[in-house]
Novice: 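First, the structure itself, so that you have it in front of you.
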There are 2 protein chains.
Amino acid sequence: MAQPIRLHQVSPLKASCHQCSLSNLCLPLAVEDNELYRLEDIVQQGRIFSRGEHIFDQSTPFRSCFAVKSGAIKTSIISENGEEQVTGFFMPGELVGLDSMGSKNYACTAKALERTSVCEFPVDRLEELTAKLPDLQHHVYHLMSQEIQGSHQLAMLLSKNTAEERIAALLLSLSSRFHRRRMSGTNFSLPMARNDIANFLGLAVETVSRVFTRFQNQGIISARGREVELLDVEALQTVTREFSRQNQ
Amino acid sequence: MAQPIRLHQVSPLKASCHQCSLSNLCLPLAVEDNELYRLEDIVQQGRIFSRGEHIFDQSTPFRSCFAVKSGAIKTSIISENGEEQVTGFFMPGELVGLDSMGSKNYACTAKALERTSVCEFPVDRLEELTAKLPDLQHHVYHLMSQEIQGSHQLAMLLSKNTAEERIAALLLSLSSRFHRRRMSGTNFSLPMARNDIANFLGLAVETVSRVFTRFQNQGIISARGREVELLDVEALQTVTREFSRQNQ
DNA sequence: CGCGATATTGATTATTATCAAGGATCGTGG
DNA sequence: CCACGATCCTTGATAATAATCAATATCGCG
């Protein structure tokens with residue numbers, strides 16, 4: 001039983017999911033230890049992208065999903081007229097490209113927000129593997145449904161909430177995602193520019209700026225550029241719920 | 001080979017995908033004829049829901065996906081404060097519940113907009129079957145990714161487009177979905193109330209009403225209640241692209 | 001036929017976009 | 001290491017789209 005595992009680990013091109021600190025967030029989460037070699041077998045050792053580089057481009061042939069190992073990625077769709085909509089931010093341990101599963105071409109463009117390393121899962125191999133490992137298949141379904149749900153939440157945010165509520169929600173989301181990686185949930189560095197935040201939340205950059213300063217004046221956060229400190233998480237949570245108070 | 005098929009078809013509780021007029025839109029689309037019995041084997045003959053009835057409720061245990069056979073369904077999520085967001089409309093041939101795949105509970109509530117019949121696919125059996133039929137697995141991935149993409153498009157619509165553009169886009173979407181079923185794409189009956197349209201598109205009901213009358217005055221559509229006729233499809237398409245013109 | 005739910009229309013308000021300008025920060029090359 | 005340009009961020013003034021408030025009209029159903 002141990003033999004085949006070793007055999008696969010020796011290849012320098014294969015990632016070692018066993019040793020990855022993100023294995024409890026990423027796909028290995030759904031794979032038994034003694035089956036992990038099968039995942040390692042299809043993973044391609046990640047390239048490193050520097051800030052601004054594209055991991056993949058919308059409408060080019062869909063080949064792989066990518067797990068973020070370090071850094072951060074933003075995905076966006078471009079409409080026929082060239083209008084961009086940021087559809088998501090992806091942090092270490094998160095899987096990019098699920099919105100293209102089962103499609104011929106990538107449904108969006110993925111861009112590194114900072115120096116970013118990724119693990120690559122070729123989809124043909126991934127589909128083969130999910131057919132063999134029910135738990136992995138279940139997990140992929142789960143991740144995809146999570147992405148649908150997240151997108152629905154975003155739609156809700158966009159159509160029902162004020163600028164302050166949207167930004168509070170984003171800050172809290174980032175906070176919990178940092179926290180999950182055992183990093184500070186109150187003191188972190190935003191991987192994205194104000195512009196990306198604005199686009200993602202359906203706001204103008206100026207509005208984002210104004211809300212940041214308003215939150216600072218209220219002592220809820222402290223921000224210098226991309227460095228953010230959440231001084232009053234409860235207040236932020238209140239802001240996201242504020243809407244409901246007024247309406248009931 | 002023909003024997004097992006017959007054997008399964010005789011059960012009165014099993015749906016006959018073979019004979020279903022929607023088999024080219026629904027899951028059978030991805031299953032070979034000689035494997036179709038396996039799908040029929042897990043399908044539960046659809047119940048019929050009258051207008052307003054719930055097919056399933058958010059936060060109750062996730063058991064099944066449902067294919068719409070006739071009628072129409074709306075899905076919506078309710079936030080902690082009771083705020084509702086309509087997340088989608090489902091027409092015959094479309095699959096409801098994918099946003100809950102891999103989850104313990106339903107992620108949304110599904111409600112019949114009119115008298116609606118459905119086919120039920122229990123997820124445990126469906127997951128088993130997708131593991132055995134690679135084409136079906138691929139198709140489910142495809143449908144889920146389509147739902148992610150649709151949701152991203154909605155986010156784009158909500159954050160970047162005017163009321164007129166949003167409504168034009170919805171009308172065109174419905175038109176093409178009717179057309180796909182070989183029904184008129186220019187003369188149909190809206191399955192949902194103005195309220196649902198408004199909620200889905202992030203608008204106030206009054207705004208929806210106003211846009212409808214504006215479109216009528218411009219001779220683009222003709223509407224009496226839920227009966228709609230698209231008089232000038234090109235004009236509608238122009239409206240959805242109007243935004244781009246102005247910005248470049 | 002009548003009631004409640006749904007839809008339309010009008011007047012006013014408010015949130016956020018847009019326009020405009022200045023200030024900070026970053027990265028690069030001299 | 002500093003200077004430069006470019007990008008990014010902030011702040012202010014004004015404008016516009018759609019929400020809200022309010023009232024009436026119509027539809028659908030029992």
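In what follows, chains are A, B, ... by sequence order, proteins preceding strands, each numbered from 1. Basis for what follows: all heavy atoms, side chains included, without hydrogens, waters or symmetry-related copies.
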Novice: Is it true that, when you exclude B:Arg47 itself, more than 12 heavy atoms of the residues, nucleotides or ligands shown sit nearer than 6.0 Å to its CZ?
Specialist: no
Novice: Got a second to check how far B:Ile73's CD1 is from B:Glu114's CD, nearest 0.5 Å?
Specialist: 10.0 Å
Novice: Taking CG from A:Asn161 and C1' from C:dT16, how many angstroms apart are they, rounded to a whole number?
Specialist: 15 Å
Novice: Please identify which of these residues, B:Glu94, B:Glu53, B:Glu84, meets the salt bridge (charged side-chain N to carboxylate O under 4.0 Å, His left out) condition with B:Lys74.
Specialist: B:Glu84
Novice: Supply the atom-to-atom distance A:Cys108 SG to A:Ile77 CD1, rounded to the nearest 0.5 angstrom.
Specialist: 8.0 Å
Novice: Distance check needed: C:dT16 P versus A:Ile167 CD1, whole Å only.
Specialist: 9 Å
Novice: In whole angstroms, how far is the C1' atom of C:dA5 from the CG atom of B:Leu113?
Specialist: 16 Å
Novice: Using a 6.0 Å distance limit plus a 45 degree cone around the ring axis, check whether A:Arg194 lies over the aromatic ring of A:Phe212.
Specialist: yes
Novice: In whole angstrom, give the distance that lies between atom CZ of B:Arg226 and atom C1' of C:dA7.
Specialist: 11 Å
Novice: At how many degrees, to 10°, do the end axes of the helix from C:dC1-D:dG30 to C:dA21-D:dT10 meet when each uses five pairs?
Specialist: 50°
Novice: Measure CD1/B:Ile221 against P/C:dT8 and give the value in whole Å, please.
Specialist: 10 Å
Novice: Within a reach of under 6.0 Å around NE2 of B:His54, are more than 12 heavy atoms found that belong to other residues, nucleotides or ligands?
Specialist: yes
Novice: Rounded to the nearest 0.5 Å, what separates atom CD1 in B:Ile167 from atom OG1 in B:Thr207?
Specialist: 8.0 Å
Novice: State which of C:dT16, C:dC19, C:dA7 makes the closest approach to the side chain of B:Ser209.
Specialist: C:dA7
Novice: Let's go through B:Gln85 and A:Ser159 carefully: what are the C-alpha distance in whole Å and the side-chain angles of both, what is the deciding distance for side-chain hydrogen bond (donor to acceptor under 3.5 Å, both in side chains) to 0.1 Å, and is it a yes or a no?
Specialist: CA-CA 8 Å; B:Gln85 167 75 41; A:Ser159 78; 2.6 Å; yes
Novice: Aromatic contact between B:Phe89 and B:Phe200, with the criterion being ring centroids under 6.0 Å apart: yes or no?
Specialist: yes
Novice: For C:dT16, does either OP1 or OP2 sit under 4.0 Å from a side-chain N or O belonging to A:Thr207?
Specialist: no
Novice: Choosing from D:dG12, C:dT9, D:dA18, which nucleotide comes nearest the side chain of A:Glu206?
Specialist: D:dG12
Novice: When you measure from every atom of DNA chain C, which of residues 188-205 of chain A have a heavy atom less than 4.0 Å away?
Specialist: A:Gly202, A:Leu203, A:Ala204
Novice: Compare side-chain N and O positions of B:Thr213 against OP1 and OP2 of C:dT9 and report whether any pair is under 4.0 Å apart.
Specialist: yes
Novice: Quick one: A:Leu158 CG to C:dT15 P, roughly how many Å, whole number?
Specialist: 18 Å
Novice: Mind calculating the distance between CZ (B:Arg224) and C1' (D:dT26) to the nearest angstrom?
Specialist: 13 Å
Novice: Ignoring the backbone of A:Arg210, work out which of D:dA13, C:dG27, C:dA20 is nearest its side chain.
Specialist: D:dA13
Novice: Expressed in angstrom and rounded to an integer, what is the separation of A:Asn217 atom CG from D:dT11 atom C1'?
Specialist: 12 Å
